[in-house]
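Below is a structure I'd like to ask you about.
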Amino acid sequence: MPKQNVPLIECSWEVCNQIGGIYTVLRSKVPAMIEQYGDDYTLLGPLVAKGIDAELEDIRDADDAIARAVKLLQKEGLEIRYARWLVTGRPKVVLIKPDLGAEKLAQYQEHYQKLYGIEKDPKNDLLNEMIVWSRLNFRFLEALNKELGHGSKMIAHFHEWMASLPILDLHKQHPDIRTVFTTHATLLGRYLASNYASFYKRLPSYDWEKEARHFGILPMVQIERLSAKYSNCFSTVSEITAKECKYLLGKEPEVITPNGLNIKRYVAMHEVQVKHQEFKDVLHDFTIGHFFPSYHFDLDKTLYFFTSGRYEFSNKGYDVSLRALALLNERMKQEKLDVTVVMFFVTNKEAWSINPKVLQSNGVLREIRKCVGEIQKQIGKRLYESAVGSDDDHRLPDTSAMVDDYWKLRYRRTIQSWKSDEWPYITTHNLKDDQNDDILNEMRAKKLFNSPKDKVKVVYHPEFINSTNPLFGIDYGNFVRGCHLGIFPSYYEPWGYTPLECIARGVATVTSDLSGFGNYVSAQDTGGVDHGVHVLRREGRTESQAIEDLANYLLDFVKLSRRYRIIQRNRAEDFSERFDWKQLLPEYEKAYQKAMA
């Protein structure tokens, strides 16, 4: 892939600012970009994230063009930093704080309305913050262009409407700065898919302006459309989103730039299984604490399924997942299968706190473990003394007599306090609005209550998992490694990182042909082997058909032998190499070459 030998500035609101999937795109892509572009590559983002000082190492005493442009803006009173981002690859970053007074905001609003017809919306704080920040980004790019000197060229790559406003003025005033605009999902498409059935069937017939005004997002959609129109190259992340762009943005993308990951492979195949076992044991501990006070099931015959992502009940396929799980539960009971499925729903919904009883159960479990440990030590010491101190009796002595009455009593009382007559909770947290929560209401409607007779158990965890989580104590990536299957039958998903993150960790996954990732996998030559990705057909099919198909697949998965699941685990990790950034970066290069041309 030829190197451009021109400065490449990649701009997003999610540079050093973790909000959603674009943060993962940018951060995971850094090592491949640095390998390709070196110090010609710089990220441009907002100076807004809390605790950002820990992630930055300021670049001091530099005299390159970027440093000179930064100093110029600092003299004008802007809060702006030039630093190394302390992630793998250590890229250069310029962060600008979008902090100007009402007078400047009004001036910028007037500028964009007068020149481009973008409507004002004084009450839209997000829009107005983006207007200020984008105008400052334009000022930085303008200053950098001047410092580079006459005849120099530069590529500026913008992600999503939140960052793309500078494209408009660059097109008019600085055509030597070549622009790329990538939309990861159209804003209007997300609203339409969430609110209207048969979104894809109706896509060609929507009146974009009428619908954008209806949802109160007209200025943002105008920005998207103008950015697509005026950029030197317009791209999106998948073929399925390209259709959306055609009808809602009025322009077809010129390049598809799929999202990847920085794939790290284990040297030995068995290490995939070793890591799975290590983190599956952590999930076993949670399961014991959550379910075993009420009843028991065989952990050796327990499978862990999960889904995760933003709380979009239909878009993310949570509705289809729950209905398929209810079917699976009934069929497993009918067939008297001796397997238990524990299904985790991991998303983000407002909650007061973790349920105190859930926390207490896990706390008492730790006390049981401590108590057992003390008894083990006591028995071990006294058993050894008995063995070496006996003249001729080789029989095993009564170990119960080797335990002090204090530890016997403490053991009984702890076990007794841990046991419960209630069924295990279906949610781990106290939600702020549990009466109107779609996931909870669907669980109630399908009678997924964690009954002792249920073969499918459900755990709704309305908070993203990280290493500080008191219920798991591991980060999300390791939680994924401990599971057997990720379920993501999305209705609206422009790309979809979650199934890709599964196979990168050797975990089988379900995606759908309405997600960018699933659509991309369907077009791949997979060699006809089970590579750990099942693409559920949803395009042109009814919801009930999709539910039936998903339930059938889940039942087949439950019946797989452990040996086959291990084989599938290794095949999934092998298949994930196709999504390494080094494999996908040439698509970005196409966009840059097109912009330069």
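These values consider heavy atoms only, across backbone and side chains, with no hydrogens, waters or symmetry-generated copies.
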Pairwise distance CG(Leu188) to NE2(His214) - rounded to 0.5 angstrom =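 Those atoms lie 10.5 Å apart.
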
message = Walk me through whether Phe488 and Phe306 qualify under ring pair (Phe, Tyr, Trp, His ring centres under 6.0 Å).
response = CA-CA 9 Å; Phe488 310 99; Phe306 83 103; 5.6 Å; yes

task = May I ask you to check whether Asp125 and Asn128 show a side-chain donor-acceptor distance below 3.5 Å?
result =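 Not at all, the side chains of Asp125 and Asn128 share no donor-acceptor pair under 3.5 Å.
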
task = State, yes or no, whether a side-chain contact exists between Leu248 and Leu192 at a heavy-atom distance under 4.5 Å.
result =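 With C-beta onward as the side chain, the pair touches.
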
key: Aromatic ring proximity, centroids under 6.0 angstrom, Phe557 and Phe305   =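 That pair passes the under 6.0 Å test.
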
inquiry  = I'd like to know whether Arg565 forms a side chain to side chain contact (heavy atoms under 4.5 Å, CB included) with Leu303, so could you lay out the CA-CA distance, the side-chain angles of the two residues, the decisive distance to 0.1 Å, and finally the verdict.
reply    = CA-CA 11 Å; Arg565 288 201 305 271; Leu303 298 177; 3.5 Å; yes

query = Going by atom types alone, do Asn478 and Arg481 pair a side-chain donor with an acceptor below 3.5 Å?
reply =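 Short answer, no.
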
ask   = Would you say the side-chain atoms of Trp85 pair up with the backbone N or O of Val93, donor to acceptor, closer than 3.5 Å?
value =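 Not confirmed, Trp85 side chain does not pair with Val93 backbone.
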
query = Is the shortest distance from a Lys or Arg side-chain nitrogen in Lys455 or Glu330 to a carboxylate oxygen in the other one below 4.0 Å?
reply =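 Glu330 and Lys455: not salt-bridged.
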
request  = With rounding to the nearest 0.5 Å, note down the distance linking NE2 in His290 to CG in Leu471.
outcome  =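 So the NE2 of His290 and the CG of Leu471 are separated by 9.0 Å.
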
task = Check the surroundings of atom CZ in Arg413: do more than 12 heavy atoms from other residues, nucleotides or ligands lie under 6.0 Å from it?
result =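 No, the 6.0 Å shell around CZ holds no more than 12 heavy atoms from other groups.
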
ask   = Ion pair present between Asp53 and Arg81, side-chain N to carboxylate O less than 4.0 angstrom?
value =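 Yes, charged N to carboxylate O under 4.0 Å.
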
task = Would you indicate whether the side-chain heavy atoms of Tyr553 and Val510 approach each other to under 4.5 Å?
result =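 They are in side-chain contact.
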
query = When you look at Ser238 and Thr241, which way does the side chain to side chain donor-acceptor pair (under 3.5 Å) test go after all the steps?
reply = CA-CA 5 Å; Ser238 66; Thr241 312; 2.8 Å; yes

Residues that Asn466 engages under side-chain hydrogen bond (donor to acceptor under 3.5 Å, both in side chains), provided they are two or more places apart =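 Once residues adjacent in sequence are excluded, the partners of Asn466 under the side-chain hydrogen bond (donor to acceptor under 3.5 Å, both in side chains) criterion are Thr468.
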
query = Should we say atom NZ of Lys333 is surrounded by more than 12 heavy atoms from elsewhere, each under 6.0 Å from it?
reply =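 It does: Lys333 NZ has more than 12 such atoms within range.
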
ask   = Do the charged groups of Arg331 and Glu548 touch, with an N to O distance under 4.0 Å?
value =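 Yes, charged N to carboxylate O under 4.0 Å.
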
query = Tyr491 pairs by ring-ring contact (aromatic ring centres under 6.0 Å, His included) with which of Tyr200, Phe313, Tyr318?
reply =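 Per the ring-ring contact (aromatic ring centres under 6.0 Å, His included) rule, the option paired with Tyr491 is Tyr200, out of Tyr200, Phe313, Tyr318.
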
query = Are Glu573 and Arg505 ion-paired here, with the side-chain N under 4.0 Å from a carboxylate O?
reply =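 Answer for the salt bridge query: no.
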
Enclosure of Lys447 NZ (heavy-atom neighbours >12, cutoff 6.0 Å) =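 Result for NZ/Lys447: open.
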
task = Apply the test salt bridge (charged side-chain N to carboxylate O under 4.0 Å, His left out) to residues Asp285 and Arg369: give CA-CA distance (whole Å), side-chain angles for both, the deciding distance (0.1 Å), then the verdict.
result = CA-CA 11 Å; Asp285 283 346; Arg369 190 177 289 112; 3.6 Å; yes

query = Is any side-chain heavy atom of Leu126 less than 4.5 Å from a side-chain heavy atom of Met162?
reply =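 With C-beta onward as the side chain, the pair touches.
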
request  = Quick one: pull up NZ in Lys316 and OG in Ser515 and give me the separation to the nearest 0.5 Å.
outcome  =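 Reported value, rounded in 0.5 Å steps: 9.5 Å.
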
query = Between Glu501 and Thr498, is a side chain to side chain donor-acceptor pair (under 3.5 Å) present by the stated rule, with each step listed?
reply = CA-CA 5 Å; Glu501 288 170 329; Thr498 40; 5.7 Å; no

task = Would you please classify the geometry between the Phe215 ring and the Tyr196 ring as parallel, tilted or perpendicular, with 30° and 60° separating the classes?
result =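 Rings of Tyr196 and Phe215: tilted, 30 to 60°.
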
query = Any side-chain heavy-atom pair from Thr236 and Glu244 closer than 4.5 angstrom?
reply =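 The answer is no, as the side chains (C-beta and beyond) never meet within the 4.5 Å cut-off.
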
message = Going by the rule salt bridge (charged side-chain N to carboxylate O under 4.0 Å, His left out), which residues pair with Arg410 if we only count those two or more places apart in sequence or in a different chain?
response =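 Salt bridge (charged side-chain N to carboxylate O under 4.0 Å, His left out) list for Arg410, sorted by chain: Glu367.
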
task = Walk me through it: do Asp281 and Gln277 pass the test side chain to side chain donor-acceptor pair (under 3.5 Å)?
result = CA-CA 6 Å; Asp281 288 343; Gln277 187 62 51; 3.0 Å; yes

query = Is it true that a side-chain atom of Asn570 and a backbone atom of Ile566 form a donor plus acceptor pair closer than 3.5 Å?
reply =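 Checked: pair present.
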
ask   = Hey, mind stepping through Leu127 and Met220 against side chain to side chain contact (heavy atoms under 4.5 Å, CB included) and telling me if it holds?
value = CA-CA 7 Å; Leu127 170 67; Met220 290 91 96; 4.1 Å; yes

message = Do Lys349 and Glu463 have side chains that approach each other closer than 4.5 Å (heavy atoms only, starting at C-beta)?
response =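 Lys349 does not reach Glu463 side chain to side chain.
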
Given Glu14, Glu160, His159, the one that forms side-chain hydrogen bond (donor to acceptor under 3.5 Å, both in side chains) with His184 =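 Testing each of Glu14, Glu160, His159 against His184, the sole residue satisfying side-chain hydrogen bond (donor to acceptor under 3.5 Å, both in side chains) is His159.
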
key: Rounded distance [0.5 Å steps], CD in Glu79 versus CG in Leu136   =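 Here the rounded value is 11.5 Å.
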
message = If we check side-chain hydrogen bond (donor to acceptor under 3.5 Å, both in side chains) with Tyr460, which of these qualifies: Thr427, Asp434, Thr428, Asp437?
response =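 In the set Thr427, Asp434, Thr428, Asp437, the residue that makes a side-chain hydrogen bond (donor to acceptor under 3.5 Å, both in side chains) with Tyr460 is Asp437.
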
query = Does a sphere of radius 6.0 Å around CD in Glu350 hold more than 12 heavy atoms from other residues, nucleotides or ligands, not counting ones at 6.0 Å or beyond?
reply =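 No, not enclosed.
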
ask   = Do Asp454 side-chain atoms and Val456 backbone N/O form a donor-acceptor pair below 3.5 Å?
value =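 Between the backbone of Val456 and the side chain of Asp454 there is no qualifying donor-acceptor contact (under 3.5 Å).
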
request  = Would you check if Tyr497 and Ser28 make a side-chain contact, meaning some heavy-atom pair closer than 4.5 Å?
outcome  =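 Yes, at least one pair of side-chain atoms sits under 4.5 Å.
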
inquiry  = Would Asp513 and Asn519 count as a side chain to side chain donor-acceptor pair (under 3.5 Å) here? Give the steps.
reply    = CA-CA 5 Å; Asp513 60 356; Asn519 191 263; over 6 Å; no

key: Those residues that, when tested against Tyr476, pass side-chain hydrogen bond (donor to acceptor under 3.5 Å, both in side chains) (two or more places apart)   =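 Result, side-chain hydrogen bond (donor to acceptor under 3.5 Å, both in side chains) vs Tyr476: Ser308.
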
query = Nearest 0.5 Å, what's the CG-CG distance between Leu322 and Asn329?
reply =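 If we round to the nearest 0.5 Å, Leu322:CG and Asn329:CG are 12.0 Å apart.
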
ask   = Do the rings of Tyr304 and His484 sit parallel, tilted or perpendicular, given the 30° and 60° boundaries?
value =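 Parallel: the ring planes of Tyr304 and His484 meet at under 30°.
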
query = Are a donor atom and an acceptor atom from the side chains of Asn315 and Glu493 found within less than 3.5 Å of each other?
reply =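 Side chains of Asn315 and Glu493: no pair found under 3.5 Å.
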
task = Go through the steps for Phe279 and Phe479 under the test ring pair (Phe, Tyr, Trp, His ring centres under 6.0 Å), then give the verdict.
result = CA-CA 7 Å; Phe279 295 111; Phe479 169 82; over 10 Å; no

Within the 6.0 Å centroid threshold, strictly below: Phe517 and Phe579 =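 Here the rings of Phe579 and Phe517 have centres that are less than 6.0 Å from each other.
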
task = First locate atom CE of Met443, then atom CG of Asn450, and finally report the distance between them rounded to the nearest 0.5 Å.
result =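 CG of Asn450 is found 8.0 Å from CE of Met443.
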
message = Looking at Lys457 and Ile426, would you say the former's side chain and the latter's main chain have a donor-acceptor pair under 3.5 Å?
response =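 Flag not set: sc Lys457 to bb Ile426 has no pair under 3.5 Å.
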
Heavy-atom donor-acceptor pair, Glu57 side chain to Leu86 backbone, under 3.5 Å =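 Judged by distance alone, no pair lies under 3.5 Å.
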
ask   = Hey, is NZ on Lys408 packed in by over 12 heavy atoms from elsewhere, all under 6.0 Å?
value =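 Result for NZ/Lys408: enclosed.
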
request  = Walk me through it: do Phe472 and His461 pass the test ring pair (Phe, Tyr, Trp, His ring centres under 6.0 Å)?
outcome  = CA-CA 11 Å; Phe472 297 98; His461 189 277; 5.7 Å; yes

ask   = Does any N or O in the side chain of Asn195 come within less than 3.5 Å of the main-chain N or O of Tyr191, such that one atom is a donor and the other an acceptor?
value =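 The answer is yes, because a donor-acceptor pair under 3.5 Å joins these two groups.
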
